[in-house]
Amino acid sequence: DIGTDITNLIPTIAYIGKSLTPNNETAQNFTNPITYTVTAEDGSTKTHTVKTELVKANQKVFIGSDDGYLHALNARTGGLIWKYKAGGAVNSSPTLVNNVVYVTSMDGYLHAIDAASGQVKWTYQVTGAIWLSSPVVSNGLVFFTSAMSIYTGHVNAVDTESGMLKWRNVHANTTNPVVSDGKLFVAGFGQLRVYD
C-alpha cells in the first residue's frame with residue numbers, strides 16, 4: 001500500500017523448476033519491474049516480470065462470501081470497512097487492479113467495484129452462469145470464464161474502463177484464466193487454449 005518502502009522488499013516466490021534467478025527470498029528494489037528467470041530441469045528458461053503497484057486502497061482485504069456480499073476488511077483489525085451486495089454468492093477470489101476490485105458472482109455478473117469506497121463502477125452480465133472463475137486483468141481487459149452447461153462455457157474479455165464486452169470464445173467449461181508473457185491461458189476438460 002501507499003507508504004510501503006518498496007526499495008528493500010523480500011519476496012517469497014513459488015515456482016516449479018531447478019532454479020530461480022534472482023534467488024527466492026532475496027531483498028530487491030521494486031521501484032522498477034524485476035525480471036525473474038526460472039530454469040527448468042531440462043535447462044530451458046522462462047522469464048517473468050514482477051511489477052509492484054502501490055494502491056490507495058491500502059490496508060484492506062477483499063473477501064467474497066456465500067451471503068452474496070463482497071466484504072472489504074481492515075487488514076490490521078479485521079473490522080468491516082464496507083460491503084457490496086452482488087446478486088448471488090461470491091465464490092471466487094476478487095482481483096484488485098488500479099484501485100478497482102473485479103469479482104464474479106453466481107448470478108452471472110462480473111462486478112467492478114471502487115476499492116476505496118465500495119461503490120459499483122459497472123457490471124457486466126453473461127448468458128449463463130459464473131461458478132468459480134476468478135477474474136484476471138491485463139492490458140485494459142478483464143478476463144473470466146462463464147458456463148453454458150456442465151461441459152461448455154465461454155472465455156470473456158471485458159474492457160476495464162467501459163465494462164463492455166470486447167470478445168468472447170467458446171471453451172470447455174470454466175476455470176480460472178491465467179496471463180503470462182502477454183498471453184492468456186485457459187484450461188478445461190483436457191484442453192488448453194492460448195490467446196494472444
Side-chain angles (χ1 to χ4, degrees), residues 1-65 70-84 90-104 110-119 121 132-144 157-161 175-187 194-196:
D1 58 88
I2 291 173
T4 299
D5 179 10
I6 63 171
T7 63
N8 195 37
L9 292 179
I10 300 175
T12 301
I13 301 172
Y15 67 95
I16 298 173
K18 184 177 179 182
S19 65
L20 176 71
T21 307
N23 291 330
N24 194 18
E25 298 184 345
T26 301
Q28 298 291 334
N29 181 350
F30 283 92
T31 304
N32 295 309
I34 302 288
T35 300
Y36 286 89
T37 302
V38 177
T39 302
E41 294 294 335
D42 65 3
S44 62
T45 61
K46 184 153 187 158
T47 60
H48 302 276
T49 301
V50 176
K51 178 182 176 185
T52 301
E53 180 180 350
L54 298 177
V55 296
K56 65 183 178 185
N58 57 343
Q59 303 304 320
K60 291 185 180 77
V61 176
F62 302 98
I63 301 171
S65 174
L70 173 68
H71 301 82
L73 306 179
N74 183 297
R76 291 185 179 147
T77 68
L80 180 68
I81 298 171
W82 56 255
K83 64 181 184 177
Y84 167 79
V90 179
N91 293 329
S92 62
S93 299
T95 300
L96 174 66
V97 175
N98 294 331
N99 299 310
V100 177
V101 183
Y102 300 93
V103 67
T104 59
L110 168 69
H111 306 262
I113 313 301
D114 181 271
S117 68
Q119 297 298 307
K121 289 178 58 95
L132 297 171
S133 180
S134 297
V136 63
V137 178
S138 180
N139 293 325
L141 295 175
V142 54
F143 304 98
F144 66 102
V158 175
D159 183 85
T160 55
E161 288 299 316
T175 59
N176 290 325
V178 174
V179 172
S180 180
D181 292 336
K183 298 183 185 301
L184 176 69
F185 297 83
V186 186
V194 181
Y195 301 89
D196 287 320

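All of these numbers come straight from a predicted model, not from anything done at the bench.
- Counting heavy-atom neighbours within 6.0 Å of D42 CG, excluding the residue itself, gives a total above 12.
- Using a 4.5 Å heavy-atom threshold, the side chains of V136 and T95 count as separate.
- Contact between G64 and L70 at its shortest, heavy atoms only, is N-CD1, 4.2 Å.
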(request) Would you sort out whether I63 and L73 count as a side chain to side chain contact (heavy atoms under 4.5 Å, CB included), showing the intermediate values? (result) CA-CA 8 Å; I63 301 171; L73 306 179; 3.6 Å; yes
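- The CG atom of N91 sits 12.0 Å away from atom OG of S133, with the distance rounded to the nearest 0.5 Å.
- No side-chain heavy atom of T21 sits less than 4.5 Å from a side-chain heavy atom of Y36.
- Interatomic distance, NZ of K121 versus OH of Y102, reported as 6.5 Å (0.5 Å rounding).
- Minimum heavy-atom separation, V101 to P94: CG1-CB, 3.7 Å.
- Scanning all heavy atoms of the two residues, the minimum distance from P22 to I34 falls at CG-CG2, 4.5 Å.
- Formation of a donor-acceptor pair under 3.5 Å by the N98 side chain with backbone atoms of V100 is not found in this model.
- A distance of 6.5 Å separates CG of L80 from NE2 of H71, quoted to the nearest 0.5 Å.
- Across every non-hydrogen atom of Y84 and G118, the tightest pair is CD1-O, 3.9 Å.
- In terms of heavy-atom proximity, T104 sits nearest to F144 at CG2-CD1, 4.0 Å.
- When every heavy atom of F62 is checked against every heavy atom of A115, the shortest pair comes out as CZ-CB, 3.9 Å.
- No donor-acceptor pair closer than 3.5 Å links the side chain of T45 to the backbone N or O of T39.
- Formation of a donor-acceptor pair under 3.5 Å by the N74 side chain with backbone atoms of T77 is found in this model.
- Once rounded to the nearest 0.5 Å, the distance linking CD1 of I10 with CG of N24 reads 11.0 Å.
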(request) For the pair V97 and T160, evaluate side chain to side chain contact (heavy atoms under 4.5 Å, CB included) and give the outcome as yes or no after the intermediate values. (result) CA-CA 10 Å; V97 175; T160 55; over 6 Å; no
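- Rounding to the nearest 0.5 Å places CD1 of I113 at 6.5 Å from CH2 of W82.
- The structure places CD of Q28 at 9.5 Å from CG of L9, a figure rounded to the nearest 0.5 Å.
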